[in-house]
Amino acid sequence: MLLNVSILNLSRVVFEGQAGRVVVSGEEGVFEILPFHKRIMSRLITGEVVVDQQSIPIRRGVIKADQNTVTIIIEEK
């Protein structure tokens, strides 16, 4: 099972596709989203979003994960 991942900024779609994992920098630390992850919504801090092996540097953002769908809205560096 894979995650359906959408990463957006205010003007374009940065990434859209399936992935095995997503790693982000939340306010409480770095955490990983895997298939069947518990529902979560969190603010993101400066760092990077890693989708499988692809890294996207961010200034800040928000993430929502629910039923193997991950949506991330970011402000890029």
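Note that the coordinates shown come from a computational prediction; the quantities given were computed from them, not determined experimentally.
Taking the side chain as every heavy atom from C-beta outward, K64 and V62 never approach each other to under 4.5 Å. No side-chain heavy atom of I7 sits under 4.5 Å from any side-chain heavy atom of V13. Taking the side chain as every heavy atom from C-beta outward, R60 and L44 never approach each other to under 4.5 Å.
In this structure, the separation between CD1 on I74 and CD1 on I56 is 5.5 Å, given to the nearest 0.5 Å. Note that CZ of R39 and CG of D66 are 4.0 Å apart. Values are rounded to the nearest 0.5 Å. Here I72 contributes atom CD1 and I63 contributes atom CD1; the two are 4.0 Å apart, rounded to the nearest 0.5 Å. Atom-to-atom distance recorded for E16:CD and T71:OG1 is 9.0 Å, nearest 0.5 angstrom.
Judged as a salt bridge (Lys or Arg N to Asp or Glu O under 4.0 Å), and not counting sequence neighbours, E48 has no contacts. With sequence neighbours excluded, no residue forms a side-chain hydrogen bond (donor to acceptor under 3.5 Å, both in side chains) with E28. Every residue two or more places apart in sequence or in another chain that forms a salt bridge (Lys or Arg N to Asp or Glu O under 4.0 Å) with E27 is listed here: R43.
Between R12 and E76 there is a salt bridge, since at least one side-chain N of the basic residue sits less than 4.0 Å from a carboxylate O of the acidic one.
The shortest non-hydrogen separation linking T46 to R59 is OG1-O, 2.8 Å. The two atoms that bring G26 and S42 nearest to each other are CA-OG, 4.4 Å, heavy atoms only. Across all their heavy atoms, S25 and G47 have their closest contact at OG-CA, 4.2 Å.
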- Task: Apply side chain to side chain donor-acceptor pair (under 3.5 Å) to the pair E75 and N9, showing each step before the final yes or no.
- Result: CA-CA 6 Å; E75 181 181 316; N9 68 20; over 6 Å; no
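Without hydrogens or angle criteria, D52 side chain to G20 main chain gives a donor-acceptor distance under 3.5 Å.
V14 and I33 fall within the same hydrophobic cluster, defined by Ile, Leu, Val, Met, Phe, Trp and Tyr side-chain heavy atoms under 4.5 Å apart, directly or through other members. Residues L2 and V51 do not share a hydrophobic cluster, defined by chaining ILVMFWY side chains whose heavy atoms lie under 4.5 Å apart. Hydrophobic cluster membership is shared by I40 and I58, with clusters built from Ile, Leu, Val, Met, Phe, Trp and Tyr side chains linked at under 4.5 angstrom. In terms of hydrophobic clustering, with Ile, Leu, Val, Met, Phe, Trp and Tyr side chains grouped at heavy-atom distances under 4.5 Å, L3 and F31 are assigned to a common cluster. V50 and V24 fall into different hydrophobic clusters, defined by Ile, Leu, Val, Met, Phe, Trp and Tyr side-chain heavy atoms under 4.5 Å apart, directly or through other members.
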